[in-house]
Amino acid sequence: MLINHQGFEIHKAYLDEAAQAGLVEDIRKVSEQAPLFSPETRWGKKMSVRMTSAGRYGWFSDRSGYRYIERHPSGSHWPPIPESVLAIWRTLCSPQRDPDCCLVNFYGETAKMGLHQDKDEKEFSWPVLSISLGDPGRFRMGGQERGGKTHAVVLESGDVVVMGGEARLAYHGIDRIYFGRSTLLPKGGRINLTLRVVD
Ligand code: SIN
Ligand code: MN
């Protein structure tokens, strides 16, 4: 089922269980090579979400601000984006241009992500594609101005969201995780993958 909310294209139940399990396995390999870490915000506060990346660039944050970097904090290059993830981008976004970054976000029981815009990329003509795995999360969507009206939808394991057009620079965030509702991840929690064209 496809829901369109102000440019947010929400493909409910896009991935079946076998596809979800395959993605988890591929992301587990990514996190073995590039372990999850908790970035600091520009105000020096640790984020509740743990992150890593795959691709040419990884998203990073510390007191110097939000940016893309070419290496994991350990100094290694980021692993390549798994083919299973690229296949979803090629089908829903473009077979012509692959993304430069797959940001992997891991949400434990109490993790959340405040409303923000994805605007650290050099250009905004490509959509951001988001894949949800594991426990459901309440996804909040706003407009392009801070403080505007917002609307929430629960993203479940296998849901895929394409944020393009008017949603490309729209505010969004995760209010809460419904911990332990999904059996996909044995220890619970939610994985979100976002694919971005950076430059
Ligand atoms: C993000 O905005 O980077 C993540 C969104 C989500 O977890 O669904
Ligand atoms: Mn975002």
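Please read all numbers here as calculations on a predicted model, not as lab measurements.
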Participant: Give me the ring orientation class for H151 and H5: parallel if the planes are under 30° apart, tilted from 30 to 60°, perpendicular past 60°.
Facilitator: parallel

Participant: Does the side chain of L185 come within less than 4.5 Å of V24's, by heavy atoms?
Facilitator: yes

Participant: What closest approach, in Å, do Q6 and G142 show between heavy atoms, and which atom pair accounts for it?
Facilitator: OE1-O, 4.5 Å

Participant: Can you tell me if Y68 and R196 form a side-chain donor-acceptor pair at under 3.5 Å?
Facilitator: yes

Participant: Any side-chain heavy atom of D199 within less than 4.5 Å of one from E121?
Facilitator: no

Participant: Determine whether a donor-acceptor pair (N or O, by modelled atom type, separation under 3.5 Å) exists between the side chain of D100 and the backbone of V198.
Facilitator: yes

Participant: Are L193 and L184 connected into the same hydrophobic cluster when the rule is that any two of I, L, V, M, F, W, Y join if their side-chain heavy atoms are below 4.5 Å apart?
Facilitator: yes

Participant: To the nearest 0.5 Å, tell me how far M113 CE sits from S48 OG.
Facilitator: 7.5 Å

Participant: Compare all side-chain heavy atoms of N105 with those of I191 and state whether any distance is below 4.5 angstrom.
Facilitator: no

Participant: Calculate, to the nearest 0.5 Å, the distance between atoms CD1 and CG belonging to I131 and L155 respectively.
Facilitator: 12.0 Å

Participant: Indicate whether the side chain of S84 and that of D26 have a donor and an acceptor atom separated by less than 3.5 Å.
Facilitator: yes

Participant: Looking only at non-hydrogen atoms, find the nearest pair between I27 and P82 and report the distance.
Facilitator: CD1-CG, 4.4 Å

Participant: Please answer: with hydrophobic residues joined when any side-chain heavy atoms are less than 4.5 Å apart, are V160 and F139 in the same cluster?
Facilitator: no

Participant: Just so I know, are the side chains of V128 and L195 near enough to count as touching, which here means a heavy-atom distance under 4.5 Å?
Facilitator: no

Participant: When rounded to the nearest 0.5 angstrom, what is the spacing between CZ in F124 and CE in M163?
Facilitator: 13.5 Å

Participant: Give a yes or no answer on whether the side chain of H72 reaches the backbone of P35 with a donor-acceptor pair at less than 3.5 Å.
Facilitator: yes

Participant: Yes or no on salt bridge (Lys or Arg N to Asp or Glu O under 4.0 Å) for K46 and D62, after CA distance, side-chain angles and deciding distance?
Facilitator: CA-CA 9 Å; K46 256 197 191 326; D62 62 13; over 6 Å; no

Participant: Step by step, would you call D175 with K112 a side-chain contact (heavy atoms from CB on, under 4.5 Å)?
Facilitator: CA-CA 6 Å; D175 296 341; K112 46 181 112 187; over 6 Å; no

Participant: Please name the pair of heavy atoms, one in R97 and one in V197, separated by the smallest distance, quoted to 0.1 Å.
Facilitator: NH2-CG1, 3.3 Å

Participant: Is it true that atom CD of E32 has more than 12 heavy atoms of other residues, nucleotides or ligands lying nearer than 6.0 Å?
Facilitator: yes

Participant: T194 and D118: side-chain donor and acceptor closer than 3.5 Å?
Facilitator: no

Participant: Checking H116 against H172: is there a side-chain donor and acceptor pair closer than 3.5 Å?
Facilitator: yes

Participant: Would you compute the distance between atom CZ of R190 and atom CZ of F179 and round it to the nearest 0.5 angstrom?
Facilitator: 13.5 Å

Participant: Can you tell me how far CD of Q33 sits from OG of S76, rounded to the nearest 0.5 angstrom?
Facilitator: 8.5 Å

Participant: Please confirm whether the backbone N or O of S182 pairs with a side-chain atom of D135, one donor and one acceptor, at under 3.5 Å?
Facilitator: yes

Participant: Yes or no on side-chain contact (heavy atoms from CB on, under 4.5 Å) for Y107 and I174, after CA distance, side-chain angles and deciding distance?
Facilitator: CA-CA 10 Å; Y107 298 76; I174 291 289; 3.5 Å; yes

Participant: Does a donor on one side chain and an acceptor on the other come within less than 3.5 Å for R42 and S64?
Facilitator: no

Participant: Check this for me: K12, atom NZ, are more than 12 non-hydrogen atoms of other residues, nucleotides or ligands nearer than 6.0 Å?
Facilitator: yes

Participant: Of the non-hydrogen atoms in A152 and R138, which two are nearest, and what is the gap between them?
Facilitator: CB-CG, 3.8 Å

Participant: Do N192 side-chain atoms and S130 backbone N/O form a donor-acceptor pair below 3.5 Å?
Facilitator: no

Participant: Hydrophobic clusters here meaning ILVMFWY residues chained together by side-chain heavy-atom distances under 4.5 Å, can you tell me if F37 and M47 are in one?
Facilitator: no

Participant: Closer than 3.5 angstrom, by distance alone: can the side chain of R140 be matched with the main-chain N or O of L115 as a donor-acceptor pair?
Facilitator: no

Participant: Judged by atom type as modelled, is there a donor-acceptor pair below 3.5 Å linking the side chain of W78 to the main-chain atoms of T52?
Facilitator: no

Participant: Can you find a heavy atom in the side chain of Y66 that is under 4.5 Å from one in the side chain of F60?
Facilitator: no

Participant: Applying the 4.5 Å side-chain criterion to the ILVMFWY set and letting contacts propagate, would I177 and V161 be lumped into a single cluster?
Facilitator: yes

Participant: Check the pair W59 / D120 against side-chain contact (heavy atoms from CB on, under 4.5 Å), numbers first and verdict last.
Facilitator: CA-CA 9 Å; W59 188 84; D120 305 316; 2.8 Å; yes

Participant: Could you tell me if R176 sits above the aromatic ring of Y178, with its cationic atom closer than 6.0 Å to the ring centre and no more than 45 degrees from the axis?
Facilitator: yes

Participant: In terms of hydrophobic clustering (I, L, V, M, F, W, Y; side-chain heavy atoms under 4.5 Å; direct or indirect links), are V154 and I10 co-clustered?
Facilitator: no

Participant: Thinking salt bridges, do R28 and E25 make one under a 4.0 Å N-O criterion?
Facilitator: yes

Participant: Measure the shortest side-chain to side-chain distance between Y14 and D159 over non-hydrogen atoms and say whether it is less than 4.5 angstrom.
Facilitator: no

Participant: Has the side chain of T41 got a donor or acceptor atom that lies under 3.5 Å from a matching backbone atom of K45?
Facilitator: yes

Participant: Nearest heavy-atom pair of L23 and L133: which atoms, and what distance?
Facilitator: CB-CD1, 4.0 Å

Participant: Between R71 and G75, which heavy-atom pair has the shortest distance, and what is it?
Facilitator: NH1-O, 2.8 Å

Participant: Flag the pair Y171 / R146 as yes when at least one side-chain heavy-atom distance between them is below 4.5 Å, and no otherwise.
Facilitator: yes

Participant: Taking the side chain from S53 and the backbone from C101, do they hold a donor-acceptor pair closer than 3.5 Å?
Facilitator: no

Participant: Where the side chain of S94 meets the backbone of R90, is there a donor-acceptor pair that is under 3.5 Å apart?
Facilitator: no

Participant: Would you say the side-chain atoms of D98 and W89 include a donor-acceptor pair closer than 3.5 Å?
Facilitator: no

Participant: Give, for atom OG of S61 and atom CH2 of W43, the distance between the pair rounded to the nearest 0.5 Å.
Facilitator: 8.5 Å

Participant: When you look at CD of E70, are more than 12 heavy atoms from neighbouring residues, nucleotides or ligands closer to it than 6.0 Å?
Facilitator: no

Participant: Using modelled atom types and a 3.5 Å cut-off, is there a donor and acceptor pairing between side-chain atoms of S132 and backbone atoms of E156?
Facilitator: no

Participant: With a 4.5 Å cut-off on side-chain heavy atoms, are E9 and L2 touching?
Facilitator: yes

Participant: Hydrogens and angles aside, do R50 and S38 bring a side-chain donor and acceptor to less than 3.5 Å of each other?
Facilitator: no

